[in-house]
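Below is one structure, written out as structure tokens; comments come after it.
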Amino acid sequence: MFGSLQGRSVIVTGASRGIGRGIAQRFGAEGCRLLVVSRQRSEAETVAAEITAAGGEARAFAADVTRQADMEAMAAVARESFGGIDILCANAGIFPAAKLGVMTAADFDAVVSTNLKGTFLAVSACLPAMKARMAGRIILTSSITGPITGYPGWSHYGASKAGQLGFMRTAAIELAPYGITVNAVLPGNIATEGLAALGADYMHSMAASVPMRRLGSVTDVANGALFFASDEAGYITGQSLVIDGGQILPESLAALEG
Ligand code: NAP
């Protein structure tokens with residue numbers, strides 16, 4: 001149904017595990033050339049090797065999205081390795097919990113620095129390559145938490161994820177003349193290593209609050225990212241796609257039971 005993305009150059013930040021790994025593997029299966037980015041080189045290399053073993057093309061790069069020099073080096077390596085940057089999936093994120101009254105300024109800075117400033121730095125670093133080709137696809141991994149819902153302990157996280165959408169809307173306007181689209185996927189609760197770290201009770205209660213009665217898979221999110229990267233989505237920019245099994249829909253617990 002959709003055109004091929006064969007040979008496209010793709011950067012995925014936070015690709016060593018979880019949703020980023022799923023996105024990288026999905027694009028790898030489509031014949032894209034992947035730069036798998038995370039702070040831990042060995043874990044990124046493992047994912048790159050998995051993609052290569054499956055018949056794709058990938059290399060790993062160790063970088064911290066909070067560091068401008070790292071993001072510029074990341075973009076340079078993608079250009080050198082693959083001849084350009086077609087698609088950026090700005091996915092790296094952290095979600096440590098801390099309720100107000102306990103949350104420190106350092107806690108707040110760490111989350112906003114990774115999730116929001118990291119998005120800005122990754123996008124900024126990739127723009128020269130995209131503008132040079134007058135084409136590009138930028139897909140942000142936001143969340144339902146912040147833009148739509150709230151959850152105790154995640155006021156800083158919610159602010160960072162809502163902030164990504166504010167960033168996206170103006171970026172989409174500024175970059176449209178260059179043929180670059182900027183869109184966001186908003187996952188609900190997705191079964192990842194990061195989510196598992198919140199504990200089995202959290203995972204079970206979240207699955208029970210989803211009308212589809214299961215957590216999402218990383219492939220569910222990757223499919224949304226793939227759509228935004230497609231040629232067919234070329235006239236869609238500044239938009240967000242909720243991928244949550246219906247989690248934001250019930251007005252009450254009774255609505256779920258009925
Ligand atoms: P995860 O399993 O904890 O994976 C996070 C990834 O980000 C890892 O590859 C990690 O590798 C990387 N990372 C973290 N900080 C980084 C930094 N400063 N620089 C570069 N890479 C960094 O998390 P996940 O559940 O897949 O979540 C991925 C994204 O989806 C996040 O933006 C998150 O907010 C969003 N999300 C997740 C869910 C969910 O239910 N899982 C729901 C909504 C939104 P290193 O530690 O090696 O750097």
Side-chain angles (χ1 to χ4, degrees), residues 11-26 34-48 50 60-71 73-74 88-97 109-122 125 139-151 153-154 156-165 167-168 184-199 202-203 205-207 209-210 214-222 224-225 240-245 247-248:
I11 296 176
V12 185
T13 67
S16 64
R17 56 179 187 268
I19 291 172
R21 175 169 171 259
I23 292 173
Q25 289 181 325
R26 188 75 182 84
L34 270 300
L35 193 65
V36 175
V37 181
S38 69
R39 289 169 300 181
Q40 302 300 319
R41 178 182 296 281
S42 60
E43 293 177 11
E45 281 172 349
T46 300
V47 174
E50 288 168 359
F61 188 73
D64 185 333
V65 296
T66 67
R67 296 187 183 157
Q68 186 171 11
D70 282 17
M71 291 298 91
M74 171 188 82
L88 165 68
C89 297
N91 167 82
I94 56 173
F95 36 92
D109 281 348
V111 169
V112 171
S113 180
T114 303
N115 298 357
L116 184 53
K117 187 174 132 190
T119 296
F120 155 69
L121 292 176
I139 298 117
L140 314 181
T141 305
S142 175
S143 176
I144 59 169
T145 310
I148 299 170
T149 64
Y151 197 91
W154 280 332
H156 49 0
Y157 177 78
S160 73
K161 292 286 151 180
Q164 284 181 301
L165 298 191
F167 170 83
M168 171 188 77
V185 288
L186 276 59
N189 280 270
I190 310 300
T192 66
E193 293 85 336
L195 204 75
L198 300 174
Y202 176 87
M203 302 269 279
S205 75
M206 279 301 138
S209 69
V210 176
R214 69 168 177 88
L215 297 177
S217 70
V218 296
T219 308
D220 290 325
V221 181
S240 52
L241 179 63
V242 173
I243 302 171
D244 73 340
Q247 186 170 358
I248 62 169

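Both counts, for ligands and for their atoms, begin at 1 and track the order of listing. In this text the structure is predicted, and so the values were computed from the model without any measurement.
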Quiz item: Is there a heavy atom in G188 that sits closer than 4.0 Å to ligand 1?
Solution: yes

Self-check item: Note, P147 side chain near S142 side chain (heavy atom, < 4.5 Å)
Solution: yes

Quiz item: Does any non-hydrogen side-chain atom of V242 lie less than 4.5 Å from one of I144?
Solution: yes

Quiz item: Can you find a heavy atom in the side chain of Q68 that is under 4.5 Å from one in the side chain of M71?
Solution: no

Quiz item: Are any of the side-chain heavy atoms of R17 and T192 separated by less than 4.5 Å?
Solution: no

Quiz item: Strictly under 4.0 Å, does any heavy atom of A63 approach an atom of ligand 1?
Solution: yes

Quiz item: Short list, please: which atoms of ligand 1 are under 4.0 Å from a heavy atom of Q40?
Solution: 47 (O)

Quiz item: Of all the atoms in ligand 1, which lie at a distance below 4.0 Å from a heavy atom belonging to I19?
Solution: 26 (O), 30 (O), 36 (N), 37 (C), 38 (C)

Self-check item: Residue pair D220 / R214, side-chain heavy-atom distance below 4.5 Å
Solution: yes

Self-check item: Atoms in ligand 1 flagged as close to D64, the criterion being non-hydrogen separation under 4.0 Å
Solution: 17 (C), 18 (N), 19 (N)

Quiz item: Would you say S160's side chain and Y157's backbone share a donor-acceptor pair under 3.5 angstrom?
Solution: yes

Quiz item: Do R21 and E43 have side chains that get closer than 4.5 Å, going by heavy atoms?
Solution: no

Exercise. Return yes when A15 approaches ligand 1 closer than 4.0 angstrom through a heavy atom, no otherwise.
Key: yes

Self-check item: K161 near ligand 1 by a heavy-atom separation under 4.0 Å
Solution: yes

Exercise. Determine whether any heavy atom of S142 lies closer than 4.0 Å to an atom of ligand 1.
Key: yes

Self-check item: Test item: L121 and V65 side chains (from C-beta on) under 4.5 Å apart, heavy atoms
Solution: no

Quiz item: So, the side chain of T114 versus the backbone of V111: is there a donor-acceptor pair under 3.5 Å, distance only?
Solution: no

Quiz item: Hey, which atoms in ligand 1 end up nearer than 4.0 Å to a heavy atom of G18?
Solution: 2 (O), 26 (O)

Quiz item: Which ligand 1 atoms does Y157 reach within 4.0 Å, using its non-hydrogen atoms?
Solution: 33 (C), 34 (O), 35 (C), 36 (N), 43 (C), 44 (C)

Practice problem: For T13 and ligand 1, answer yes if some heavy atom of the residue is under 4.0 Å from a ligand atom, otherwise no. | Solution: no

Practice problem: Would you mind listing which atoms of ligand 1 come within a distance below 4.0 Å of any non-hydrogen atom of T141? | Solution: 29 (C), 30 (O), 32 (O), 35 (C)

Quiz item: Should the proximity of A44 to ligand 1, defined as any heavy atom under 4.0 Å, be assigned to the side chain, the backbone, both, or neither?
Solution: neither

Quiz prompt | Nearest-neighbour protein heavy atom for atom 16 (C) of ligand 1, which is reported as residue plus atom name and distance | solution = R39 NE, 3.4 Å

Self-check item: For N189, the ligand 1 atoms whose distance to one of its heavy atoms is below 4.0 Å
Solution: 40 (O)

Quiz item: Is it true that Y151 and F95 have ring centroids separated by less than 6.0 Å?
Solution: no

Self-check item: Shortest reach to atom 5 (C) of ligand 1 by a heavy atom, considering only S143, G93, C89
Solution: G93

Practice problem: Using a strict cut-off of 4.0 Å, indicate which atoms of ligand 1 neighbour a heavy atom of A92. | Solution: 7 (O), 21 (N), 22 (C), 32 (O)

Quiz item: Is there side-chain contact between N115 and K161, with heavy atoms separated by less than 4.5 Å?
Solution: yes

Self-check item: Under-4.0 Å heavy-atom contact with ligand 1, by part of I94 that carries it
Solution: side chain

Exercise. May I ask you to decide if V12's main-chain N or O and N91's side chain share a donor-acceptor pair within less than 3.5 Å?
Key: no

Quiz item: How does T192 reach ligand 1, by side chain, by backbone, by both or by neither, if only non-hydrogen atoms under 4.0 Å count?
Solution: side chain

Quiz item: N/O to N/O below 3.5 Å, does that happen between L195 and ligand 1?
Solution: no

